[in-house]
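Order of the sequence lines fixes the chain letters, A, B, ..., with proteins taken first and strands second; residue numbering starts at 1 for each chain.
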Number of protein chains: 2
Amino acid sequence: MRASVPVTMNGLKTACSQCNLVELCLPFGMSDSELHQLDELVGGRRKVKRQQSLYRAGDPFEAIYAIRAGSFKTDVLLEDGRDQVTGFQMTGEILGLDGISTESHSCNAVALEDSEVCVIPYAKLEQLSHEVEGLQHQFHKVMSREIVRDHGVMMLLGSMRAEERLAAFLLNMSQRFTARGFSAAEFHLRMTREEIGSYLGLKLETVSRAFSRFQEEGLIAVQQKHIRLLDTTRLRKLVQHQTAGCGR
Amino acid sequence: MRASVPVTMNGLKTACSQCNLVELCLPFGMSDSELHQLDELVGGRRKVKRQQSLYRAGDPFEAIYAIRAGSFKTDVLLEDGRDQVTGFQMTGEILGLDGISTESHSCNAVALEDSEVCVIPYAKLEQLSHEVEGLQHQFHKVMSREIVRDHGVMMLLGSMRAEERLAAFLLNMSQRFTARGFSAAEFHLRMTREEIGSYLGLKLETVSRAFSRFQEEGLIAVQQKHIRLLDTTRLRKLVQHQTAGCGR
DNA sequence: CGCTTGCTTGATACGTTTCAACAGCAGTGG
DNA sequence: CCACTGCTGTTGAAACGTATCAAGCAAGCG
C-alpha cells in the first residue's frame, strides 16, 4: 500500500478514497480496497473560471476530467459559426471522453460557473485499469452511459416538439439535482436560454416562450434562472406526447 | 500460443487473425502477435435475416457484436409509438455498446438485409483486455468514436435544415462505402425513406422531396435506393450552409 | 447612471408536417 | 398470365410550429 496521497497546491487531497462524490463519479461501486488503489489515479485538480474552457476542439487529448465542483457545457462548432451544445455536465460526471478516438478533443468544454475538476491522465487510467479489478468495467459503464444519453438527446431532437423537449430537459435536470442531494422541485439553472436552446435544437425565443407557457399553465414557476417544478406529473405526461399532436 | 481456432457450425474460422475486416473492426491497428491473441475473442457467429433483430431494448446485455456482413439500424422506441433511428451500421462496425451501462440493451438492432455478426462475449473482452496490450485502448477508441459520431448527429438534428441533413447523410454514407472498398459516387442504400427520415429527424415525404430536389439540381441521380453522387463539391457546400438561410 | 447582457413578447415569414392521391414494383394466387 | 394486394416512394395543397425580426424590459455592473 502507498504511503502518500497526491496533494494539490492548496493542500487538498486528490484521492478518490477521500472524496464525497464517489457514488456519483468514476469509482462508483468499487470496494474500499479498490478505492485505495485509485489514490494515484487523479493527477491533480484544476480550477476553471466561469466562461473559460477546460479544453477546446483540436486540443491534444491527454486526460479525462471528473467534475469536482461546478458545471460545464460541451459544444461543437461548425465553420459557418453555428454551434450546438452537446451536453451539460454536473458534479461527478466525466468530461473528455470524445478525445480518445482521435487523440484530440472534438468539442469544447466550457465552465458555466467557477468550477474545479480532477485531472485523470488517460495513460494512468489505462494502466490502473489493468491492475484494479473493477475500474475498467466502471469506466466502460461511464462511456456506455454517455452513448445512451446521447441516444436520448437524438430522440428528443429528432421526434419531439419544443415544449416536449423543454419538459424532458427540466425533468432530466431535476433528476440529476436529486441524485446530488438537491431539491427535485426547485433549482437554479446555470445556463442561458440560448444555451438551452442550442442543446434542444431551438432558438432562445422559443425556449423563453415555452417557459412562459409552462408558467401560465401552472406547470412551473420561473424567475429568471430559478425554476420551481409545480406539477411534475403533467410535465412527465407532456414528454410522452399526450397532446393530440401535429406539426413537427 | 493456442493450437486451435474456434470454428462455427458451417466450418468457417471465427478468428480475427483470419478476417479481412481487421482494418475496419475492433482489432484495427494491432500487431500480428496481438492479433493471434484475439483468436479466442469471438464466441461465434450469428446470422440475422432481414428485418429480424439482433437484440431488442430490454434484452440482458451479454455480448457486443462486430458486423461481419450486411448492415443494421439501431432505434429507440417511445411508449407512444414514436421511434427514432439512432444509427446505421456497416461491416466492421460494433453493435451493442449501449448495453454496458445498465447491463441491458437500451435500443433495438435490426438487420437491414440478411447479415452476419461476430459475437464478442463482453466478459471475454474484459478479460482479454487485461492480457492483450492494445485491445483495451482500441476498444476505448471504438466507444469514443461512437460518442463523437453521436455528437455529429446531434449537430445535424439540432442546427441543420432538411437538405443539409440529407447532404450530410449522403456524404457520410459515401465515405463509409469508400472505406470498405466500394465506389464513393455510386451506392445502394439499404434503408427506406422512412428510416432515413427517422434518423434525420424528418418525415419520409420531406426526405423524398429533398432527393427529388437534389436530382433536379443535378447534384445526384436517384433510382429508388440506388444513388449516384454527381457533384460532391456542391453537396459538401450545402452541408456548410452556403444558402442564405432562414426557417429552422 | 448609462451600458451591457439576458430574457420576454409580438407580428410575420418560412420550412416542414400533415393529409391525400397516385405511381411503381414485388409477391401472391386465381 | 394477369388481376390483386401491399409496400415504398413521389408529388401537391394546406396547416402548423418554429424561426426571424424587432421592440421593450429587467438585472447586473463599472
Residue pairs passing the salt bridge (Lys or Arg N to Asp or Glu O under 4.0 Å) test with at least one member in residues 185-195 of chain A, sequence neighbours excluded, are A:K73-A:E195, A:E113-A:R190

Can you name the residues that form a salt bridge (Lys or Arg N to Asp or Glu O under 4.0 Å) with B:R180, not counting sequence neighbours? B:E93

Figure out the CG/C1' separation between A:L238 and D:dG17, and round it to whole Å. 15 Å

Students often mix this up, so state it plainly: with edges at 30° and 60°, are the rings of B:F177 and B:F182 parallel, tilted or perpendicular? perpendicular

Output all residues satisfying salt bridge (Lys or Arg N to Asp or Glu O under 4.0 Å) with B:R145, sequence neighbours left out; order by chain, then residue number. none

Euclidean distance, atom CG of residue B:L202 to atom P of D:dT10 [Å, nearest integer]: 14 Å

With heavy atoms under 4.0 Å as the rule, sort A:S208 into base, sugar-phosphate or nothing. base

Side chain of A:K203 only, heavy atoms from C-beta on: which candidate in C:dT16, D:dA19, D:dG9 is closest? D:dA19

Under 4.0 Å: is that the gap between some side-chain N or O of B:T206 and OP1 or OP2 of C:dT17? yes

Going by the side chain to side chain donor-acceptor pair (under 3.5 Å) test, name the single residue among A:D75, A:D59, A:D83 that passes it with A:N108. A:D75

CG of A:L200 versus C1' of D:dG17: gap in Å, rounded? 16 Å

Between C1' on C:dT5 and CD on A:Q51, what's the gap in Å once rounded to a whole number? 11 Å

Within residues 211-229 of chain B, residues whose heavy atoms come under 4.0 Å of DNA chain C: none

Would you call A:V119 and A:Y65 a side-chain contact if the rule is heavy atoms closer than 4.5 Å? yes

Please pick, from C:dG15, C:dT9, D:dT10, the nucleotide with the shortest atom-to-atom distance to any side-chain atom of B:R161. C:dG15

Could you pull out all residues at least two apart from B:H188 that satisfy side chain to side chain donor-acceptor pair (under 3.5 Å)? none

Rounded to whole Å, how long is the line connecting atom CE of B:M160 with atom P of C:dC14? 22 Å

At less than 3.5 Å, do the side-chain atoms of B:R209 and the base atoms of C:dG15 form a donor-acceptor pair? no

Quickly work out the B:E205 CD to D:dT11 P distance and round it to whole Å. 13 Å

Tell me the interatomic distance from B:R193, atom CZ, to C:dG24, atom P, rounded to whole angstroms. 16 Å

What I'd like to find out is whether the side chain of B:R68 reaches to under 4.5 Å of the side chain of B:V117, using heavy atoms alone. no

Roughly how many Å is it from CZ in A:R82 to C1' in D:dT20, rounded to a whole number? 15 Å

Side chain A:S144, main chain B:S101, donor-acceptor under 3.5 Å: yes

Could you tell me, to 10°, how much the axis swings from one end of the helix from C:dC1-D:dG30 to C:dG30-D:dC1 to the other, five pairs per end? 30°

